[in-house]
Amino acid sequence: MSLVTTKDMFKKAYEGGYAIGAFNVNNMEIIQGITDAAIEEKAPLILQVSSGARKYAKHVYLMKLIEAAIEDAKNQGVDLPIAVHLDHGDTFELCKSCIDGGFTSVMIDGSHHSFEDNIKLTKQVVEYAHAKGVTVEGELGQLAGIEDDVNVADHAFTEPDQVEEFVSKTGVDSLAIAIGTSHGAFKFKPGQKPQLRFDILEEVTKRLPGFPIVLHGASSVIPEFVQMVNQYGGQMPDAIGIPEEMLRQAAKSAVCKINIDSDLRLAMTATVRKHFAENPGHFDPRQYLTPARSAIKDMVKRKLTNVLGCSGKI
Ligand code: G3H
Ligand code: 13P
Ligand code: ZN
């Protein structure tokens, strides 16, 4: 198996009532933890790279690491379908560079522009991407939270009345919508009841039957890891994510891709903090990165089985 696009994955996920996990990657241990989980669970995967991650690790390193993961899976007898996806591409040039460099899917996030400009930019990326056999995700509506350097204070929920025009004019393959999820580890205020606008998702689905929907900002901000971070010297009081039942409900619907980054960060950081607290003399990175990688693997395995429903779907 070589790299795949999201086309076939989304078709099967839509029909099968499950979602594909789209996990953000930026180093070897994260890639290994996620792919080891997917190999054991026989789950298709999207590995996504933000522009910040691409700057940090460099395009070529990430591509080679992901290719190595596919080969490693094959050596274990598993044909692991992986789509390599640009997360939150903000310019045509960035999308083009990722497509030219072998990514099989890109997101063009024109959600900060006017509706007309978003259509124009997204269409330009779709034309280039489709000519090279690459799939494209667009976005309508804005999530609260932090994406690279952009801090969006409030949600601007997706307007269902815009989705048909956006999809038909741009030709995108999937659409990210804003229904109350947000980026980062602080998605709700303490005491606030977590809520998602499933009514908007339903309206969007009515207007776009059979069309794959994407949820960003969908980490659960797993309480055990938040507690571990705080116990071992971190300061993340009030970190709150999307309850797993809500994600399960979304995964059964038209939502075919669920984005997860913060839970990976938390699993890794909590485990490293605990390791140092218990082993203050350790200074070989392999000593603390080994349990950190295992924590990612265990966390991802749980998500694939209990939340996304994509275990055994290769
Ligand atoms: O949506 C944002 C992702 O969590 C990526 O975050 O831009 O800090 O790599 P990053
Ligand atoms: P989280 O911050 O909830 O993990 O969301 C990640 C994301 O949407 C990446 O695009
Ligand atoms: Zn996102």
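Hydrogens, waters and symmetry mates are skipped; everything else that's a heavy atom, side chains included, is used. Remember, it's 1-based here, ligands and their atoms both numbered in the order they're listed.
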Return the option from Arg265, Lys187, His183 holding the heavy atom at the smallest distance from atom 3 (O) of ligand 2.
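Heavy atom nearest to atom 3 (O) of ligand 2 belongs to Lys187.
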Just to be sure I'm reading this right: ignoring hydrogens, which of His183, His88, Arg265 gets closest to atom 6 (O) of ligand 1? Compare them by their nearest heavy atoms.
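The nearest heavy atom belongs to Arg265.
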For ligand 2, the portion of [X] having any non-hydrogen atom under 4.0 Å away:
X	value
Val221	neither
Ala185	neither
Asp87	side chain

A quick test of your reading: do over 12 heavy atoms of other residues, nucleotides or ligands sit less than 6.0 Å from CZ of Phe198?
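Yes - once you tally the heavy atoms of other residues, nucleotides and ligands closer than 6.0 Å, there are more than 12.
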If you count every heavy atom of other residues, nucleotides or ligands that lies below 6.0 Å from Lys297 atom NZ, does the total exceed 12?
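Yes, NZ of Lys297 has more than 12 neighbouring heavy atoms, counting only those of other groups under 6.0 Å.
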Is any side-chain N of the basic residue among [X] and [Y] closer than 4.0 Å to the acidic one's carboxylate O?
X	Y	value
Glu202	Arg207	no
Asp36	Arg293	no
Asp238	Lys189	no
Glu203	Lys206	yes
Lys123	Glu127	yes
Arg302	Asp298	no

Is the closest heavy atom of Gly52 to ligand 1 under 4.0 Å?
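The answer is no, since Gly52 has no heavy atom less than 4.0 Å from ligand 1.
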Is the shortest heavy-atom distance from the side chain of Ile108 to the side chain of Phe92 under 4.5 Å?
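No - every pair of side-chain heavy atoms lies 4.5 Å or more apart.
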Which ligand 1 atoms does [X] reach within 4.0 Å, using its non-hydrogen atoms?
X	answer
Ser50	5 (C), 7 (O), 9 (O), 10 (P)
Asp261	3 (C), 4 (O), 5 (C), 6 (O)
Asn24	3 (C), 5 (C)

Residue pair Val307 / Glu244: nearest heavy atoms and the distance that separates them:
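The pair with the smallest heavy-atom distance is CG2-CD, 3.8 Å.
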Among the N/O/S atoms of His216, select the one at the shortest distance from the Zn ion (ligand 3) and name it.
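Of all N, O or S atoms belonging to His216, ND1 is the one nearest the Zn ion (ligand 3).
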Backbone, side chain, both or neither: what part of Asn26 comes under 4.0 angstrom of ligand 1, heavy atoms only?
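For Asn26, there is no contact with ligand 1 at all, from either part.
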For ligand 1, is any non-hydrogen atom under 4.0 Å from Asn259's backbone (N, CA, C, O), its side chain (CB onward), both, or neither?
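No part of Asn259 comes within reach of ligand 1.
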Does the gap between the ring centers of His59 and Phe103 come in under 6.0 Å?
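Yes: the rings meet the under 6.0 Å criterion.
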Is it true that His88 and His112 have ring centroids separated by less than 6.0 Å?
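When the ring centroids of His88 and His112 are compared, they turn out to be at least 6.0 Å apart.
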For the metal site, I want the angle between atom NE2 of His183 and atom NE2 of His88 with the Zn ion (ligand 3) at the apex, to 10°.
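Reported to 10°, the angle equals 100°.
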Report yes if [X] has an N/O atom closer than 3.5 Å to an N/O atom of ligand 2; otherwise report no.
X	answer
Gly217	yes
Asp263	no
Asn259	yes

Close-contact set for ligand 2 against [X] heavy atoms, below 4.0 Å:
X	value
Ile260	4 (O)
His88	10 (O)
Gln48	9 (C), 10 (O)
Asn24	9 (C)
His216	8 (O), 10 (O)
Gly184	2 (O)

Among all protein heavy atoms, pick the one closest to atom 2 (O) of ligand 2 and tell me residue, atom and distance.
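Here the nearest protein heavy atom works out to Ser262 OG, 2.7 Å.
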Out of curiosity, Ser219 OG to Met299 CE, how far, rounded to the nearest 0.5 Å?
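Spacing of OG (Ser219) from CE (Met299) equals 7.0 Å.
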Taking atom CZ of Phe211 and atom SG of Cys256, what is their separation to the nearest 0.5 Å?
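That separation rounds to 9.5 Å.
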